[in-house]
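Okay, so here's the structure we're looking at.
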Amino acid sequence: MIKAILIFNNHGKPRLIRFYEYFAEDVQQQIIRETFHLVSKRDDNVCNFLEGGSLIGGSDYKLIYRHYATLYFVFCVDSSESELGILDLIQVFVETLDKCFENVCELDLIFHMDKVHFILQEVVMGGMVLETNMNEIVGQVELQNRMEKSEGGFSAAPARAVSAVKNMNLPEMPRNINIGDINIKVPSLSPF
């Protein structure tokens, strides 16, 4: 089972943190620091998995990571997970991000955090792998984008209504509003 997914830059700044097991916030921060120190000091030509740090469970857990440009993608897993399977999962996740953001970079993770979390939830939920087919994941992301665009008109409606009322320039407040068979009496209000 996947216990945590950590993405941080070359300087140790977290860009995405997802724990699937409860840890207090100060312990989470220690895990992030320890994981960064374990992973960042390793040479690029060595194996991409190592035993988990003392905070995340020691020898019962493994850290499986990939380093792409300025980002480390680290999956903390228990001993039941396949190292090569998780490396492949990291590759699928990164390629999906790359497809969705057209050449993904650290800034995409910062400015589109909601979309990154959505993509991650399509891949892993509750520490269990849901989907490894990149085309299926991208299809769900595109469907979500279409839904957001279609709802954009509805979500912007309250702001447009308030703006329209403010720009009406009414000489006095209406006392009665008649809409078809509906008659609304407006109480005396102070002007805006």
Side-chain angles (χ1 to χ4, degrees), residues 1-138 140-141:
M1 188 166 147
I2 298 170
K3 300 297 181 182
I5 297 174
L6 313 171
I7 301 175
F8 38 78
N9 67 12
N10 289 339
H11 305 291
K13 289 269 191 202
R15 296 303 179 205
L16 180 137
I17 304 299
R18 176 66 59 90
F19 284 92
Y20 297 104
E21 186 175 295
Y22 174 76
F23 291 101
E25 190 172 335
D26 58 331
V27 175
Q28 286 182 11
Q29 295 302 317
Q30 290 174 343
I31 289 170
I32 293 166
R33 278 193 299 275
E34 182 180 355
T35 303
F36 173 72
H37 289 296
L38 286 171
V39 170
S40 65
K41 69 180 179 183
R42 291 174 62 90
D43 208 10
D44 284 340
N45 58 358
V46 296
C47 179
N48 285 8
F49 28 91
L50 58 132
E51 281 188 2
S54 60
L55 293 170
I56 196 94
S59 61
D60 293 340
Y61 293 89
K62 297 176 265 186
L63 298 176
I64 302 171
Y65 71 95
R66 292 290 301 262
H67 185 210
Y68 295 96
T70 63
L71 295 170
Y72 287 94
F73 291 78
V74 182
F75 281 49
C76 305
V77 301
D78 62 18
S79 57
S80 67
E81 293 289 342
S82 162
E83 292 94 347
L84 295 177
I86 297 296
L87 277 176
D88 188 46
L89 186 65
I90 294 172
Q91 184 70 28
V92 167
F93 180 55
V94 171
E95 285 183 19
T96 303
L97 289 173
D98 202 47
K99 247 186 184 182
C100 292
F101 292 113
E102 299 173 7
N103 239 351
V104 69
C105 68
E106 187 176 348
L107 292 175
D108 292 319
L109 297 182
I110 295 169
F111 292 115
H112 303 286
M113 184 60 68
D114 56 335
K115 193 171 182 180
V116 174
H117 277 279
F118 179 79
I119 294 168
L120 181 61
Q121 287 176 350
E122 289 294 315
V123 177
V124 177
M125 187 174 286
M128 303 297 288
V129 178
L130 294 180
E131 185 64 63
T132 58
N133 183 339
M134 184 173 46
N135 294 328
E136 188 69 31
I137 299 164
V138 170
Q140 291 299 319
V141 171

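Start at 1 with the first residue, then count along the sequence. What you are looking at is a predicted structure, and each value in this text was computed from that prediction instead of being measured.
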For the atom pair [atom1] ([X]) and [atom2] ([Y]), what is the distance rounded to the nearest 0.5 Å?
X: Gln91; Y: Leu84; atom1: CD; atom2: CG; answer: 12.5 Å
X: Leu16; Y: His117; atom1: CG; atom2: NE2; answer: 4.5 Å
X: Arg15; Y: Leu107; atom1: CZ; atom2: CG; answer: 8.5 Å
X: Leu71; Y: Tyr65; atom1: CG; atom2: OH; answer: 15.0 Å
X: Lys115; Y: Leu109; atom1: NZ; atom2: CG; answer: 12.0 Å
X: Phe75; Y: Tyr20; atom1: CZ; atom2: OH; answer: 7.5 Å

Smallest separation among heavy atoms of [X] and [Y], with atom names:
X: Cys76; Y: Leu63; result: SG-CD2, 3.2 Å
X: Asn103; Y: Asp108; result: O-OD2, 3.8 Å
X: Ser82; Y: Ile64; result: O-CD1, 4.4 Å
X: Phe93; Y: Val123; result: CD1-CG2, 4.4 Å

Counting N and O atoms only, with roles assigned by atom type, does the side chain of [X] sit under 3.5 Å from a partner on the main chain of [Y], one being a donor and the other an acceptor?
X: Arg42; Y: Cys47; value: yes
X: Asp43; Y: Asn45; value: no
X: Thr132; Y: Leu89; value: no
X: Asn9; Y: Thr70; value: no

Can you classify the ring geometry of Phe8 versus Tyr72 as parallel (below 30°), tilted (30 to 60°) or perpendicular (above 60°)?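 Answer is tilted, since the angle falls between 30° and 60°.
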Got [X] and [Y] here, is their nearest side-chain heavy-atom distance under 4.5 Å?
X: Phe19; Y: Ile31; value: yes
X: Phe36; Y: Leu6; value: no
X: Ile5; Y: Val74; value: no
X: Ile2; Y: Ile86; value: yes
X: Tyr68; Y: Leu97; value: no
X: Gln140; Y: Gln121; value: no
X: Leu130; Y: Glu122; value: no
X: Glu136; Y: Thr96; value: no

[X]-[Y] side chain donor-acceptor pair, cut-off 3.5 Å:
X: Gln30; Y: Glu34; result: no
X: Tyr61; Y: Glu81; result: no
X: Asn48; Y: His67; result: no

Run the side-chain contact (heavy atoms from CB on, under 4.5 Å) check on Arg66 and Val94 step by step: do they pass? CA-CA 10 Å; Arg66 292 290 301 262; Val94 171; over 6 Å; no
Is NZ or CZ of Lys3 both nearer than 6.0 Å to the six-membered ring centre of Phe23 and within 45° of the ring axis?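 Relative to the ring axis of Phe23, which defines the angle, Lys3 lies outside at least one limit.
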Step by step, would you call Glu21 with Met1 a side-chain contact (heavy atoms from CB on, under 4.5 Å)? CA-CA 10 Å; Glu21 186 175 295; Met1 188 166 147; over 6 Å; no
Verify side-chain contact (heavy atoms from CB on, under 4.5 Å) between Phe101 and Val116, making sure each step is shown before the conclusion. CA-CA 10 Å; Phe101 292 113; Val116 174; 3.8 Å; yes
Apply the test side-chain contact (heavy atoms from CB on, under 4.5 Å) to residues Glu106 and Ile7: give CA-CA distance (whole Å), side-chain angles for both, the deciding distance (0.1 Å), then the verdict. CA-CA 10 Å; Glu106 187 176 348; Ile7 301 175; over 6 Å; no
